[in-house]
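Report on the structure given below.
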Amino acid sequence: MNDRNDTPQSVVIIDDHPLFRKGLIQLLRTVPGFLLVAEAADGKEGIAHILHLRPDLLLLDLNMRDMSGLEVLKFVRQADLDTRVVMVTVSDAAEDLVAALRAGADGYLLKDMEPEQMVEALQAAAAGRIVVSEALTHLMAAALRREKRPDSVTDAGLTEQEQRILERIAAGLSNKLIARELGIAEGTVKVHVKHVLRKLNFRSRVEAAVWAVANHRGER
């Protein structure tokens, strides 16, 4: 299920809607491999849990009363925690999706997903993959098309190693899994990923993954 041996994935949930939060907790308890370590009804309490517990996975509502999920996400990224963050929200607005992914979210899921689909997506996220509700992928692609990008990896000037890494980003692999596949250090992968994002003029690996699927495969 994950690349961190067989130990359960520690999970924190931050959502100010108690009914949904309790429902998600009950759903997680039915799935082996997840261990809920804390829940919070607002961003400030949630951040305190995150800093103390350093969970593997954070399930984060987008729109909350005290501070938005986007603010919490940015805090987590600035704190340089090795926590995967999946937004779970009712918002299907393109601007919310793009903002979350550019701020470093590892996934963006809609709350009205079927429970089986939600479990499948969370297991994929725990395994290091990028997850976006299928109903929203066209919004991401449309947003990318509106911005100026290279037309190909050749135009972008990616090296062969950077192209190999981009292919694996598009496959949803984490840096740790990419490092394992290519036989290089995880820190080296991080450096290559930064170069790839800079050359493609993206701010997140999710954007690069969507671009690669839409453009890179057409070159083969």
Side-chain angles (χ1 to χ4, degrees), residues 1-4 9 56-58 60 70 73-74 76-78 80-87 94-109 120-220:
M1 174 181 171
N2 59 65
D3 59 356
R4 305 179 184 186
Q9 293 277 296
D56 297 313
L57 181 64
L58 169 62
L60 178 61
L70 202 57
L73 169 63
K74 290 177 179 177
V76 172
R77 290 298 173 245
Q78 289 170 359
D80 200 25
L81 299 173
D82 188 23
T83 297
R84 298 185 64 75
V85 182
V86 176
M87 312 302 294
E95 56 268 30
D96 286 338
L97 167 66
V98 172
L101 296 179
R102 286 181 174 168
D106 299 292
Y108 193 99
L109 303 176
E120 185 176 340
L122 295 183
Q123 288 176 322
R129 299 187 183 281
I130 298 163
V131 291
V132 176
S133 287
E134 188 174 348
L136 301 178
T137 54
H138 71 286
L139 295 178
M140 189 71 195
L144 295 182
R145 281 197 296 269
R146 288 194 293 269
E147 299 182 12
K148 183 173 177 57
R149 305 290 177 200
D151 293 327
S152 67
V153 293
T154 303
D155 290 344
L158 299 187
T159 66
E160 291 185 3
Q161 183 73 317
E162 288 166 351
Q163 290 181 40
R164 285 190 283 270
I165 287 175
L166 177 61
E167 289 175 357
R168 285 157 178 81
I169 290 175
L173 300 188
S174 64
N175 286 349
K176 185 176 294 185
L177 291 176
I178 293 174
R180 188 178 302 168
E181 280 203 4
L182 297 182
I184 58 180
E186 186 177 354
T188 303
V189 174
K190 289 182 179 178
V191 172
H192 283 304
V193 169
K194 287 182 180 178
H195 290 168
V196 169
L197 296 182
R198 177 177 53 78
K199 290 180 178 180
L200 294 176
N201 193 25
F202 287 128
R203 282 176 281 179
S204 78
R205 59 196 296 134
V206 179
E207 293 174 291
V210 174
W211 180 90
V213 171
N215 295 276
H216 183 44
R217 288 180 180 175
E219 299 181 356
R220 296 174 181 173

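The first residue of the sequence shown is numbered 1, and numbering continues consecutively from there.
Looking at Leu166 and Gln161, their side chains never come closer than 4.5 Å, going by heavy atoms from C-beta outward. Val86 places a side-chain heavy atom less than 4.5 Å from the side chain of Leu57.
Put simply, the side chain of Arg129 never gets that close to the backbone of Ser174: no donor and acceptor are under 3.5 Å apart.
In this structure, the separation between CD1 on Ile130 and OG on Ser204 is 7.5 Å, given to the nearest 0.5 Å. Between atom CD of residue Glu167 and atom CG of residue Leu158 there is a gap of 10.5 Å, rounded to the nearest 0.5 Å. In this structure, the separation between NZ on Lys194 and CZ on Arg205 is 12.0 Å, given to the nearest 0.5 Å. We find the CG-CG distance between Asp106 and Leu60 to be 11.5 Å, quoted to the nearest 0.5 Å. Residue Ile169 holds its CD1 atom at 11.5 Å from CH2 of Trp211, rounded to the nearest 0.5 Å. In this structure, CG in Leu200 is found 9.0 Å from CD in Glu162, a value given to the nearest 0.5 Å.
What you find for Ala179 and Ala185 is that their closest heavy atoms are CB-C, 3.9 Å. Residues Ala208 and Phe202 approach most closely at CA-CD1, 3.7 Å, considering heavy atoms. Of all heavy-atom pairs spanning Ala103 and Leu73, the tightest one is CB-CD2, 3.6 Å. The minimum heavy-atom distance linking Met87 with Ala100 is given by the pair CG-CB, 3.9 Å.
Residues that satisfy the salt bridge (Lys or Arg N to Asp or Glu O under 4.0 Å) test with Glu186, not counting sequence neighbours, are absent from this structure. Legend: residues meeting side-chain contact (heavy atoms from CB on, under 4.5 Å) with Arg168, ordered by chain and number and at least two apart, are Arg164, Leu173, Ile178, Glu181, Leu182.
The only member of Val132, Leu136, Val131 that meets side-chain contact (heavy atoms from CB on, under 4.5 Å) when paired with Leu109 is Val131.
For Arg102 and Asp96, the salt-bridge test fails: no basic side-chain N is under 4.0 Å from an acidic carboxylate O.
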Check your understanding: Yes or no on salt bridge (charged side-chain N to carboxylate O under 4.0 Å, His left out) for Arg77 and Asp82, after CA distance, side-chain angles and deciding distance?
Key -> CA-CA 9 Å; Arg77 290 298 173 245; Asp82 188 23; over 6 Å; no
